[in-house]
Amino acid sequence: MYVVCLLCSATLNILFVGRYVYVSGKWEVGWSRRAAEEAEAVAAVSCSGHGRAYLDGLVVDGSPVCECNTCFGGPDCSQFSASCVADVDSGDPLFLEPFWMQHAASSALLVAGWHRMSYSFHDHSLISKELEELIRKLHAIVGNANTTGRFIVFGAGSIQLLNAAVHALSPHNSSAPAKVVATIPFYPVYKSQTDFFRSVDFQFVGDTSLWKNTSDTTSNLIEFVTAPNNPDGKLNKAVLQGPNAKPIYDHAYYWPHFTPIPAPADEDLMIFTFSKLTGHAGSRFGWALIKDKDVYETMSNYMSLNVDGVSRDTQLRAFKLLKVVTRGRGREIFEFGYKTMKDRWEKLNRALLMSRRFSVQESSPQYCTFSGKVKRPSPAYAWLKCEKEEDKECYRVLKKAGIIGRNGTLFSANSSYVRLSLIKTQDDFDILLHQINKLVGEENGGKSSMRRMKSTVS
């Protein structure tokens, strides 16, 4: 009987400590070892520096397959396509990927199969309180937003929060829907998403300037204010004033790698996104800082009914990454990001210096409270203009020259503008720069060689 009890006790101990293995007279972590080895094996695949292998990617003959950057191919992404075009349409923030490769150990996350299986946290909420506190700490460190007296709502990126905000600010059971506006050029999602939902409570009615001096004092107006602006990087302010005007401040790019931080944002409703802060666009995480309790509760209810809160796995990853970001008071990531963006802007401006055919937006230096220095903005996008009348269809001009940007008409601007993304991979930027140099060279009677391009990206 005694022996049986001992065996029972031993079995129970194994069950309780089954996540460990007994090696050389001591207990060591066991259940996570295989997962860590798999992650290490995938991370070790170099892809010639022009691509990446992933845990959830294709596997051929037991080996992870490289997913190559634009213009590169082959099993190890070493083959460059000389006829390739520069695809700088999307705002994929991959410029920060090298930073996270340098911080692989501190940013790595190993999640057990039983992690957060419940719909809610232990306090029955849908939001991690630890993550909320870390976000408040982040804003205090950077100095880009006042979180005192603000409620926080999490969303699947900023896009979901934008519509939640419109819903919360719109009058309900009103005979007339709220009028939603934005200042040209504006982020296309403001219009497309508002139109898509076709609510009886709100409708998109166009450019803010059309309603600035209106005699209509009864309409409810909701204004999207983007600061810095997508696509031109300007620090916009609300245009509409009065008791019926309600701004939604989209601060997706209000971080030190894109703009000097002159003062903390202090508006009633501010929206931020993880994608442009850390580069993790695929994690789909954002948050809103809200002053009014009723607006907060309406947005929270919207999120609860829509998706029952943000994925617990996403919140865990955000928490882990923000711990890295806030370490050393944020200096590492923001200095890396600013240096990268500053370098890209200097090269682009240098390439366009001799051109009379193309121009990009100009910006003035400003004191940054985060860095304690006077700095020029380094926006995420170049808002390029074709200056000549014969080039008024600028998107077509650039596409013919091997550059795919985003047509200015999508931002409700005229067709002489094109947005060029500067936040993609270094390969994407190098290819763009080559095509710009080639285009300007042809304008001035000279031509660049592909040999120069190959030496740049190899």
Side-chain angles (χ1 to χ4, degrees), residues 93 96 99-100 102-109 111 115-116 121-123 125-158 161 227-228 249-281 283-293 296 299-300 303 309-338 368-373 375:
L96 287 171
F99 173 84
W100 293 109
Q102 294 169 16
H103 294 78
S106 59
S107 63
L109 189 64
V111 184
H115 174 77
R116 296 289 183 195
F121 289 92
H122 70 283
D123 59 356
S125 75
L126 303 177
I127 285 179
S128 163
K129 299 303 179 186
E130 289 75 15
L131 178 55
E132 178 183 338
E133 288 305 311
L134 195 55
I135 287 171
R136 293 182 187 275
K137 177 183 177 181
L138 171 67
H139 284 301
I141 289 172
V142 177
N144 66 337
N146 180 13
T147 65
T148 304
R150 261 69 171 187
F151 301 97
I152 294 184
V153 172
F154 293 169
S158 62
L161 291 165
Y249 273 82
D250 183 351
H251 286 309
Y253 299 90
Y254 197 47
W255 299 103
H257 34 244
F258 297 125
T259 181
I261 307 296
D266 197 29
E267 297 88 26
D268 289 354
L269 203 166
M270 304 175 280
I271 294 175
F272 294 84
T273 177
F274 205 52
S275 63
K276 301 309 185 291
L277 163 61
T278 69
H280 293 83
S283 293
R284 308 311 305 137
F285 181 70
W287 62 94
L289 302 176
I290 308 155
K291 181 180 280 189
D292 185 87
K293 186 177 181 181
Y296 159 72
M299 288 184 67
S300 294
M303 296 305 303
V310 173
S311 160
R312 310 302 172 262
D313 294 344
T314 292
Q315 293 189 50
L316 176 63
R317 191 181 196 199
F319 179 74
K320 180 68 173 180
L321 295 173
L322 287 186
K323 286 177 72 175
V324 178
V325 170
T326 54
R327 189 178 60 193
R329 299 194 61 79
R331 297 292 173 188
E332 283 189 89
I333 189 168
F334 293 123
E335 287 179 1
F336 179 94
Y338 175 68
C368 177
T369 56
F370 174 75
S371 65
K373 301 175 183 177
K375 301 185 345 183

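The model shown is predicted, which means the values in this text are computed figures rather than measured ones. All values below come from the heavy atoms of this structure, side chains included, with hydrogens, waters and symmetry mates left out.
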Can you find a heavy atom in the side chain of [X] that is under 4.5 Å from one in the side chain of [Y]?
X      : Y      : answer
Leu277 : Phe334 : yes
Arg116 : Leu316 : no
Leu131 : Phe154 : yes
Asn144 : Phe272 : yes
Leu126 : Met303 : no
Lys375 : Tyr338 : yes
Arg331 : Phe370 : yes
Ile290 : Asp268 : no

Over 12 non-hydrogen atoms of neighbours within 6.0 angstrom of [atom1] in [X]:
X      : atom1 : value
Lys137 : NZ    : no
His122 : NE2   : no
Lys323 : NZ    : no

So, using side-chain hydrogen bond (donor to acceptor under 3.5 Å, both in side chains) as the criterion, who are the partners of [X] when residues are at least two apart?
X      : value
Glu335 : none
Arg317 : Ser283
Arg136 : Glu132
Arg312 : none

Over all heavy atoms of both residues, which pair between [X] and [Y] is shortest? Give the atoms and the distance, please.
X      : Y      : value
Ala252 : Thr273 : CB-CG2, 3.4 Å
Ser275 : Pro93  : O-CG, 3.3 Å
Tyr253 : Thr259 : O-CG2, 3.8 Å
Met299 : Ala288 : CE-CB, 4.0 Å
Leu289 : Ala145 : CD1-CB, 3.9 Å
Ser158 : Ile271 : CB-CG2, 3.7 Å

So, the side chain of [X] versus the backbone of [Y]: is there a donor-acceptor pair under 3.5 Å, distance only?
X      : Y      : value
Glu332 : Arg327 : no
Arg284 : Ala281 : yes
Ser107 : His103 : yes

Face-on cation placement of Lys276 at Phe258 ring, 6.0 Å and 45° thresholds: no
Once you round to the nearest 0.5 Å, how far does [atom1] of [X] lie from [atom2] of [Y]?
X      : Y      : atom1 : atom2 : result
Tyr254 : Ile261 : OH    : CD1   : 4.5 Å
Leu96  : Gln102 : CG    : CD    : 10.5 Å
Leu321 : Leu109 : CG    : CG    : 8.0 Å
Glu133 : Thr147 : CD    : OG1   : 8.5 Å

List in chain and number order the residues that pass side chain to side chain contact (heavy atoms under 4.5 Å, CB included) with Asp266, two or more places apart in sequence or in another chain; answer none if no residue qualifies.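 Counting only residues at least two positions away or on another chain, Asp266 forms a side chain to side chain contact (heavy atoms under 4.5 Å, CB included) with Asn146, Arg150.
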Using the side chain to side chain contact (heavy atoms under 4.5 Å, CB included) criterion, which residues pair with Glu130? Sequence neighbours excluded. Ser128, Phe319
Can you tell me if Asp313 and Ser311 form a side-chain donor-acceptor pair at under 3.5 Å?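 Judged by distance alone, the side chains do not pair up.
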When the ring planes of Tyr296 and Phe151 are compared, do they come out parallel, tilted or perpendicular, using 30° and 60° as the limits?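 Answer is parallel, since the angle falls under 30°.
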For His280 and Trp100: C-alpha separation, side-chain torsions, deciding distance, then whether side chain to side chain contact (heavy atoms under 4.5 Å, CB included) applies. CA-CA 10 Å; His280 293 83; Trp100 293 109; 3.3 Å; yes
With respect to Pro256, which candidate in Val142, Thr369, Ile333 satisfies the side chain to side chain contact (heavy atoms under 4.5 Å, CB included) definition?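 Option passing the side chain to side chain contact (heavy atoms under 4.5 Å, CB included) with Pro256: Val142.
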